[in-house]
Amino acid sequence: MDRRNFVKSSLAAAGATLLAGHSSLASSTPDDRQSSSGAQSIPGAISASEIDAARFPDDFLWGMASAAYQVEGAWNIDGKGESNWDRFSHTVGKIKGGATGDVACDQYHRYKEDIAILKRLYQKSYRFSISWARIQPAGTGSANQKGIDHYSRLVDTILEAGIRPFCTLYHWDLPQALEDRGGWPNRDLASYYAEYAGILAKHLGDRLTVWAPFNMPWTFTYYGYGIGVFPPQRTGFDLFLKAAHTVNLAQGQAFRAIKAASSKATVGSAYGAAPAYPKTNSEADIAATARYNAMNNLYFLNTAMRGEYPKAFVGEPPYAAMGYRPGDDKIMKVPLDWIGFHYYTRRVVSAAISTCVSGPSGHFGTETEGEGGASARDPLTQIHVEMPTEGPLTEAGLEIWPHGMYDLVTQISREYNNPIIEISENGCCYLDSPDDSGRVPDQRRISFHQQYLAELARAIRDGARVRAYHAWSLVDNFEWADGYSQRYGLTYVDFRTQKRTIKDSGLWYGRVAASNRLNA
Ligand code: IFM
């Protein structure tokens with residue numbers, strides 16, 4: 001049975017399916033309270049009493065997140081240049097249903113309505129991203145004033161609503177002109193990107209204080225250049241290594257450019273992260289799991305905090321293939337003011353049996369791994385990575401594993417000297433739509449966030465300095481290669497009319513933000 005069919009059947013069975021071979025996970029999980037108690041009918045689930053007991057600090061920043069290409073539309077308006085995702089979505093056969101982001105949620109024109117929703121739901125933080133091609137249509141050179149003006153108005157509207165603007169500079173939409181120059185494997189992009197960051201900080205840095213250079217850098221470099229499932233669909237592990245190194249340099253250079261232009265700026269991150277658990281207690285699987293953690297969770301964090309690549313490879317980092325030059329450690333090393341990361345679902349890792357690269361197989365969302373065989377995901381880390389299905393699955397096929405939130409937050413807290421942490425994204429795909437009365441009763445989304453947040457509250461109680469949580473997403477939107485077939489919003493969007501309907505989850509999340517409790 002493929003994963004998608006498995007999603008359907010596991011939903012019908014309330015997620016109670018337990019796959020053979022994964023039962024050893026509970027004992028290898030740092031926290032195994034519930035697995036050992038046997039009190040839960042659904043693996044990994046959090047009890048109602050834990051949800052009732054969860055508390056958040058008075059000044060906790062409840063927020064929602066979005067990304068420019070996924071919500072803005074207006075793809076060629078006010079001087080905006082073409083981006084890689086414009087080109088990709090305009091190419092026949094690339095996106096499910098032939099969808100594009102040309103209109104998306106039309107947030108470029110409807111941002112006031114969307115900020116009003118945030119305000120109505122007592123939100124304290126809005127994480128949005130800026131389209132590089134609106135600011136520099138060809139990726140370099142002077143700024144497009146209309147693009148600057150748009151984001152300036154957006155920031156002002158967010159602030160007027162009493163909400164903190166959190167800006168991601170790059171959420172995957174690269175000016176196509178830079179892709180045409182070789183894209184991220186071209187080291188020159190680090191300097192172009194720093195120039196772009198400096199322009200933003202100069203024009204918005206009097207009001208914006210929270211900046212994250214890159215959204216999920218591993219994902220867009222690996223998917224875009226390593227395995228070719230995102231634009232520009234190039235495939236080569238060397239290309240991935242080069243792209244990732246350019247991004248690490250760009251992160252360091254942008255950090256300095258932002259700080260030079262704005263004395264108020266704090267710079268952090270919006271990394272994708274997933275706690276990884278060894279498939280067995282063998283030394284080989286434990287070592288492979290550590291390599292996964294280094295590659296997927298720390299590859300862009302450790303370079304910033306310590307100026308060096310974490311131990312992601314069997315053997316020395318492949319410096320020559322990366323295009324690493326003497327002195328790059330100093331460029332990469334920048335002490336992030338806070339660490340932001342997303343958590344959606346976990347991984348189970350084993351040492352690869354075969355050294356073949358498995359490459360993409362079947363469906364690829366923004367989190368999915370190849371599923372076939374036991375071969376290595378790539379030639380140098382020699383890891384085999386699985387997406388477990390022990391817990392229930394969302395309608396995107398991602399396993400719900402709330403304990404991972406606790407494990408990840410406490411792990412990063414331990415490894416980086418208890419930094420300030422923001423959860424920059426977490427969310428789930430369910431396709432609930434308005435009922436006859438116009439309500440969207442998406443109880444499963446409420447339950448999902450309640451459980452993950454209960455685990456976040458536990459990490460805070462145990463000493464982690466987490467100051468924010470951003471639900472993905474403010475509105476249903478363009479879900480990359482899946483087009484409009486997946487809905488992550490706390491607000492329903494009718495894409496024919498652009499009518500917004502706050503889902504029950506959004507109303508619930510508003511009460512959470514007002515009370516700092518999950519049983520609101
Ligand atoms: O929609 C994406 C987002 O762009 C990045 N993080 C995961 C989300 C859901 O797949």
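Predicted model only: the values in this text are computed from it and were never measured. All ligand and atom numbering here is 1-based and tracks the order in the structure.
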K.L.:
Write none if no such pair exists; otherwise list each N/O atom of ligand 1 with its protein N/O partner under 3.5 Å and the distance.
P.N.:
{"unit_1": "ligand 1", "atom_1": "1 (O)", "unit_2": "Q70", "atom_2": "NE2", "d": "2.9"}
{"unit_1": "ligand 1", "atom_1": "1 (O)", "unit_2": "W472", "atom_2": "NE1", "d": "3.3"}
{"unit_1": "ligand 1", "atom_1": "1 (O)", "unit_2": "E479", "atom_2": "OE1", "d": "2.6"}
{"unit_1": "ligand 1", "atom_1": "4 (O)", "unit_2": "Q70", "atom_2": "OE1", "d": "2.7"}
{"unit_1": "ligand 1", "atom_1": "4 (O)", "unit_2": "H171", "atom_2": "NE2", "d": "2.8"}
{"unit_1": "ligand 1", "atom_1": "4 (O)", "unit_2": "W480", "atom_2": "NE1", "d": "2.8"}
{"unit_1": "ligand 1", "atom_1": "6 (N)", "unit_2": "E425", "atom_2": "OE1", "d": "2.5"}
{"unit_1": "ligand 1", "atom_1": "10 (O)", "unit_2": "T366", "atom_2": "OG1", "d": "2.7"}
{"unit_1": "ligand 1", "atom_1": "10 (O)", "unit_2": "E479", "atom_2": "OE2", "d": "2.5"}

K.L.:
Quick one: are the ring centres of F230 and W172 less than 6.0 Å apart?
P.N.:
yes
K.L.:
Would you kindly check if the NZ (Lys) or CZ (Arg) of R234 is within the cone defined by 45 degrees around the ring axis of Y225 and under 6.0 Å from the six-membered ring centre?
P.N.:
no
K.L.:
So R164 and V210, do their side chains get closer than 4.5 Å, heavy atoms only?
P.N.:
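Answer yes - side chains close enough.
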K.L.:
Compute the centroid of each ring, for F214 and then for H171, and state whether the two points are separated by less than 6.0 Å.
P.N.:
no
K.L.:
Regarding T381 and R291, do their side chains bring together a donor and an acceptor under 3.5 Å, going by distance alone?
P.N.:
no
K.L.:
Do the two ring centres, one from W401 and one from Y452, sit under 6.0 Å apart?
P.N.:
no
